[in-house]
Amino acid sequence: MLDLTTLNKPQLAAVRQIEGALLLLAGAGSGKTRVITYRIAYMILSKEIPPENILAVTFTNKAANEMKERVEDLVGKARTKGMIVSTFHSLCVRILRLEIEKLGYKRNFSIYSSADQVGLIRQIVREIYHGDKKIDSEKILWIISAAKNGLIGHEQFSPKKGDEYELLASKVYPRYRSALKAFNALDFDDIIMLTIELFERFSDILDRWQERFRYIMVDEYQDTNAAQFLLIKLLAAKYRNLCVVGDDDQSIYGWRGADVGNILDFEKDYSGCRLIKLEQNYRSTGNILKAANSVIKNNKQRTGKTLWTDCGAGKLIDMMVAQDDEEEATTVVERIQMERFKNDLSYGDFAVLYRANAQSRAFEEQLRYENIPYLLIGGMEFYERKEVKDSLSYLKAISNPSDEVALLRVINFPRRGIGDGTVIKINQWSVEQGCQLFEAFGRVGQIPGISVATGDLVLGFHAQLIESRQRLQKKGGLAAKVQELFKTLGIEEELYRTIDDPASARRRVENVEQIVNAAAAYEERTANPTLAGFLEKVSLLDDGHYPGMGKKIPGSDAVVLMSLHSSKGLEFPYVFLAGLEEGNLPHSKSIDEGFSIDEERRLCYVGITRARRHLTITRCLYRKKYGKLQERYPSRFLEELPEELLNHQKGAMAAAATEAEADKMASNFFARMQSMLVA
DNA sequence: GTTGCGTTTATTTTT
DNA sequence: TAAACGCAAC
């Protein structure tokens, strides 16, 4: 039976409130995940609710997997069969794979990454804009994506007056939409939006899924946007057993369309809902919580929670001022070394958090120099790398030949002598003829202006794709087939040929090999592995946590580097919060473009509350920007920290009270390092 | 069609 | 500073 005695009062109340609407306001470190997992376990074990009627939605795969494992630990794997714990996007893809034909797409649709989206938009802009200004396609994508997240279709979209980008976006939007459909592809926003469309147009389908998910839980509800809100509203409308969990103080995705209003208005949207607050913090020391509370209380619009702990005050918060970003990195790394030796810690106990991914560089360099293992989360993702994308595009083009973005990417990779001129001619012809690009490849002989020699190259490519498709659609040995395909294509040789530096060429070859490893890992843990299934996993992946993928070596002990955004939901014994300067945190974009400073403050709050035992805050007097030094000023958030919580430092060695002590510590430190090296 | 060089331009956060 | 782009030579 489930042991509920370890839960505190509000936690227990939340676990036992199964029916109806429940708003669970869970402060940082208040045991939120524990409550959700116990709640699911309670449903299954005590209320005998069939697991297939339970749905839990999260924002990241990592959170979903963790939650699933923890429920399985509580009730046993056999009793969770049919329960769905997944991200919004995975859930919707799952639904769409079954039902999307109703909307005129094929079931083997591709999912476009943001880079794919930008590429497509760039192409459309080239077709319709003939002015002489250079156009930032990413900006247009932002406008379209914001519209989609707000559930504004291309028919309803009306550009803000006087804004040329809005105007251009209004012209691009419908074409973008129809291009995606013609390519049988969805972007991230479509995944949610089309699921809603499906539910709104086909009430029988909605009804079926409502029957399936009688009990729904949504984690990180403060991060939901208008589309996600509506999706949940539709699914929960019949049984109204909806529990949303979140923390308005940790709402940091407003820029992506998330609406804190969704959580603030929950009580209005679901009248008769019950509200439970979790305010006891089990993570951090008293001083860390005091610091966090005194920063966040400066925000106006809040539900008002105050975190408390009975774990004692702990150490003061270290405040370090460095000359420049390089010194900031060396000081932080020195301190990590020192604390590690002093307290017998592992590298994995430390995290360095920052506002912008670009800040990771200095830390990376220093950690590499000191030979300290580190794990970099975010930034240039594994799948964003050119060689990885080119190789994956092959698989995408094979899986969905309508995917023209993928086709165009690989038509001349590896180099086979089909240049831009030819591609443009084929593309134009296919548009005129109203046939798909892939078909046009096969009919290249009919296209005027292409030499027979070049035409043969195109036909060769076409034939190779068809042949590969037949081979890869057959069941079994997916990873082996992928490996064979890459070998036939000569990707390895191509990389060695085009990259001057052999070491970096080697690294890239290894990256491509990782795809094969990932396919093998996927094949191993999936009942009916298919190429499309593998590609879907890859597209919806959030970070490098997939087995056999990316930079994470399982079980490795490494210092973690990541942005404040990616740190939400995580905790570390020792946290370094770097670059607390005006223009960085708060970021200049939010200062001068009128975006909310409150969201930046929440970001700061998230950073502080990641720390369990000790927090170090750093800032620089100067920082390199565009290659030259720039003066920096302390962040306004630093003034919001009570002076009595701070311990001002000059550098790592200043942690020791006296010079003699510092000397002693230094010699100890080096002695231990020596013995480490010898051993 | 491909390669290499010089010029430009950008740095928020991401499912 | 360094990556990304455009243009000219091969």
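Numbers restart at 1 for each chain; the letters A, B, ... are given by sequence-line order, proteins then strands.
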query = Which part of the nucleic acid, if any, lies within contact of A/Arg623, taking any heavy atom under 4.0 Å across all strands shown: a base, the sugar-phosphate backbone alone, or nothing?
reply =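 Touches nothing.
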ask   = Which part of the nucleic acid, if any, lies within contact of A/Ser114, taking any heavy atom under 4.0 Å across all strands shown: a base, the sugar-phosphate backbone alone, or nothing?
value =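 Nothing, no heavy atom under 4.0 Å.
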request  = Flag this pair as yes if the NZ/CZ of A/Arg256 is under 6.0 angstrom from the six-membered ring centre of A/Tyr253 and inside a 45 degree cone about the axis; otherwise no.
outcome  = yes
request  = Find out whether the Lys NZ or Arg CZ of A/Lys139 is both under 6.0 angstrom from the six-membered ring centre of A/Tyr165 and within 45° of the ring's axis.
outcome  =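 Yes, a cation-pi geometry.
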Spacing between [X] atom [atom1] and [N] atom [atom2], to the nearest angstrom:
{"X": "A/Lys589", "N": "B/dT14", "atom1": "NZ", "atom2": "C1'", "answer": "16 Å"}
{"X": "A/Leu540", "N": "B/dT15", "atom1": "CG", "atom2": "P", "answer": "11 Å"}
{"X": "A/Glu326", "N": "C/dT1", "atom1": "CD", "atom2": "P", "answer": "11 Å"}
{"X": "A/Asp136", "N": "B/dT8", "atom1": "CG", "atom2": "C1'", "answer": "15 Å"}
{"X": "A/Phe229", "N": "B/dT15", "atom1": "CZ", "atom2": "P", "answer": "24 Å"}
{"X": "A/Arg122", "N": "C/dC5", "atom1": "CZ", "atom2": "C1'", "answer": "10 Å"}
{"X": "A/Ile377", "N": "B/dT15", "atom1": "CD1", "atom2": "C1'", "answer": "15 Å"}
{"X": "A/Ile135", "N": "C/dG6", "atom1": "CD1", "atom2": "C1'", "answer": "17 Å"}

inquiry  = Going by centres under 5.5 angstrom and planes under 30 degrees, do the aromatic ring of A/Trp255 and the base ring of B/dT13 stack?
reply    = yes
key: A/Tyr253 ring over B/dT14 six-membered base ring, under 5.5 Å and 30°   =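 According to the criterion (under 5.5 Å, under 30°), no, A/Tyr253 does not stack.
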inquiry  = As a test of reading the structure: which of C/dA2, C/dC5, B/dT14 is closest to the side chain of A/Arg361, going by heavy atoms?
reply    =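 Nearest to the side-chain atoms of A/Arg361, counting from C-beta on, is C/dA2.
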task = Side chain of A/Asn357 only, please: which of C/dC5, B/dT14, B/dT15 is the nearest?
result =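 In terms of side-chain proximity for A/Asn357, the closest of C/dC5, B/dT14, B/dT15 is B/dT14.
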query = Considering all heavy atoms of both residues, which atom of A/Asn584 and which atom of A/Ala578 are nearest to each other, and what is their separation?
reply = OD1-O, 4.5 Å
ask   = For DNA chain B, whose closest nucleotide is more 5', that of A/His89 or that of A/Ala358?
value =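 On the 5' side of the pair lies A/Ala358.
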ask   = Who passes side-chain contact (heavy atoms from CB on, under 4.5 Å) against A/Asn412, sequence neighbours left out?
value =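 Result, side-chain contact (heavy atoms from CB on, under 4.5 Å) vs A/Asn412: A/Arg415, A/Arg416, A/Ile418.
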message = Please enumerate all residues that pass side-chain contact (heavy atoms from CB on, under 4.5 Å) together with A/Ala185, with sequence neighbours excluded.
response = A/Ser110, A/Tyr112, A/Leu180, A/Phe183
inquiry  = Please evaluate residues A/Asp248 and A/Arg302 with respect to the criterion salt bridge (Lys or Arg N to Asp or Glu O under 4.0 Å), reporting the C-alpha separation (whole Å), side-chain torsions for both, the decisive distance (0.1 Å), and the verdict.
reply    = CA-CA 7 Å; A/Asp248 49 308; A/Arg302 297 180 62 212; 5.0 Å; no
remark   = Output for pair (A/Asp190 CG, A/Ile100 CD1), nearest 0.5 Å, gives 8.5 Å
ask   = Using atom C1' of each nucleotide, how far apart are B/dT13 and C/dA4 to the nearest Å?
value =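 B/dT13 and C/dA4 have their C1' atoms separated by 22 Å.
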Check: protein-nucleotides 1-6 of chain B nitrogen or oxygen pairs below 3.5 Å:
from  : atom 1 : to       : atom 2 : distance (Å)
B/dG1 : OP1    : A/Gly419 : N      : 3.4
B/dG1 : OP1    : A/Thr422 : OG1    : 2.0
B/dT2 : OP1    : A/Asn412 : ND2    : 3.4
B/dT2 : OP2    : A/Asn412 : ND2    : 3.2
B/dT3 : OP1    : A/Arg497 : NH1    : 3.2
B/dT3 : OP2    : A/Arg415 : NH1    : 2.6

